[in-house]
Amino acid sequence: MIYVICLIIGVAAAFAGSLVGMGGGVILIPSLLFLYQYSDAFAWAVPQVIVGISLITMVFTAFASTISYVRNKRINLKIGLLFLTGSIPGGIIGAWLNQFINADYFSLYFGILMIVLSFLFLIKREIRTDDSPQKTPVISVFLISLLIGAISGLFGIGGGAMIVPAMLFLFGLSIHTATATSMFVILFISIMSAGTHIALGHVVWEYVIVFIIGAWIGGTLGAKANQLIDSNILEWILRLMLIVVGIRLIIEGLM
């Protein structure tokens with residue numbers, strides 16, 4: 001029964017994460033934390049192990065999603081690679097800055113930021129189609145991705161919740177291209193982060209294999225569903241997920 005629950009959580013987290021380009025941690029982490037607190041069968045799911053499992057699951061979620069998005073030519077590789085060049089060093093800087101800042105209010109502030117980002121979708125903007133020619137502001141993408149990486153490293157949360165809005169509002173990508181490109185970026189960031197947790201022994205492989213299977217199924221289905229859903233509906237789903245993430249972080253910050 002434990003394996004079945006893990007599989008369901010893995011599929012659900014990967015599906016939601018792939019659908020809106022945010023990764024699956026927003027569902028997987030709170031689900032396992034809840035089970036850890038209220039079920040002896042999940043006594044193995046201590047916070048460090050949960051983070052490790054989440055990152056490994058995210059690798060396979062992003063990999064499955066990226067394959068599907070590449071086949072459909074949804075990814076803007078130039079912007080994706082530029083985001084990587086900025087977000088990776090930014091994440092290192094953010095992690096280093098973490099030691100100098102009071103961590104008690106991190107979740108609270110970041111939760112408020114997520115909710116603010118969700119309301120940006122009410123602002124009218126130029127909407128481009130996926131196939132329209134797009135100029136890439138190299139310096140701007142690098143600097144913004146550096147900032148996003150730093151904030152992600154600082155708050156200890158994946159950057160998808162900020163990458164997608166940045167691609168939408170600052171670089172004029174469509175929602176479908178933004179989510180696809182975000183999953184491409186998350187793939188490489190997750191590989192680096194997951195490697196660290198594996199080295200630290202924060203992985204219970206007996207259960208990780210089940211989550212990986214779920215991540216592959218959910219990531220593939222989420223990417224396919226992304227192609228079928230209207231852009232306006234997809235934006236509302238993303239906005240709702242940002243609000244859910246924001247509320248969860250605010251509650252954590254107040255506890």
Side-chain angles (χ1 to χ4, degrees), residues 8-34 50-51 54-55 57-62 64-66 68-69 74 83 87 106-123 125 148 151-152 155-170 173-187 189-190 211 214-215 217-253:
I8 293 173
I9 293 174
V11 172
F15 179 84
S18 176
L19 183 66
V20 296
M22 286 177 59
V26 63
I27 291 177
L28 189 147
I29 291 176
S31 297
L32 285 183
L33 282 174
F34 175 82
I50 291 175
V51 173
S54 176
L55 287 168
T57 301
M58 204 174 296
V59 169
F60 286 88
T61 299
S65 304
T66 298
S68 181
Y69 287 134
R74 290 288 191 180
F83 258 88
S87 60
F106 273 13
S107 295
L108 176 62
Y109 294 152
F110 203 88
I112 293 172
L113 175 61
M114 290 298 96
I115 293 176
V116 170
L117 287 175
S118 73
F119 283 99
L120 288 178
F121 287 92
L122 296 176
I123 300 175
R125 67 182 192 280
I148 289 174
I151 292 174
S152 298
F155 286 94
I157 190 171
M162 297 185 67
I163 291 173
V164 175
M167 290 181 176
L168 287 173
F169 295 100
L170 300 178
L173 298 185
S174 69
I175 182 67
H176 292 95
T177 301
T179 54
T181 307
S182 175
M183 292 308 295
F184 170 77
V185 174
I186 288 173
L187 170 61
I189 295 176
S190 298
F211 281 104
I217 296 171
T220 302
L221 293 176
K224 290 182 178 180
N226 176 279
Q227 314 301 316
L228 301 174
I229 298 176
D230 180 77
S231 59
N232 291 327
I233 296 176
L234 200 58
E235 286 191 11
W236 273 100
I237 294 174
L238 176 58
R239 183 184 177 196
L240 179 61
M241 287 193 68
L242 287 172
I243 292 174
V244 170
V245 172
I247 292 174
R248 181 174 70 84
L249 289 170
I250 289 172
I251 292 173
E252 288 181 3

Ignoring hydrogens, what is the shortest heavy-atom contact between [X] and [Y]? Give both atom names and the distance.
X	Y	value
Ala64	Gly219	CB-C, 4.2 Å
Ala215	Phe60	CB-CB, 4.0 Å
Leu19	Tyr69	O-OH, 4.4 Å

What's the separation between atom [atom1] in [X] and atom [atom2] in [Y], rounded to the nearest 0.5 Å?
X	Y	atom1	atom2	value
Phe211	Leu32	CZ	CG	4.5 Å
Leu28	Ser54	CG	OG	5.0 Å
Leu168	Ser182	CG	OG	9.5 Å

Does any non-hydrogen side-chain atom of [Y] lie less than 4.5 Å from one of [X]?
X	Y	value
Leu238	Leu234	no
Met167	Thr177	no
Met183	Thr61	yes
Thr181	Phe83	no

Query - Phe184: partners by ring pair (Phe, Tyr, Trp, His ring centres under 6.0 Å), with sequence neighbours left out - result: Phe188
Query raised in the report: Can you name the side-chain hydrogen bond (donor to acceptor under 3.5 Å, both in side chains) partners of Thr57, sequence neighbours left out?
Result: none
Requested in this report: Please check if the side chain of Thr179 supplies one atom and the backbone of His176 the other of a donor-acceptor pair under 3.5 Å.
Outcome: yes
Requested in this report: Without swapping roles, check the side chain of Ser18 against the backbone of Ala223 for a donor-acceptor pair under 3.5 Å.
Outcome: yes
Report task. Not counting sequence neighbours, which residues clear side chain to side chain contact (heavy atoms under 4.5 Å, CB included) with Leu187? List them please. Result -> Val59, Ala62, Phe63, Thr66, Ile191
Query raised in the report: Going through the distances and angles, do Ile175 and Asn226 end up as a side-chain contact (heavy atoms from CB on, under 4.5 Å)?
Result: CA-CA 9 Å; Ile175 182 67; Asn226 176 279; 5.9 Å; no
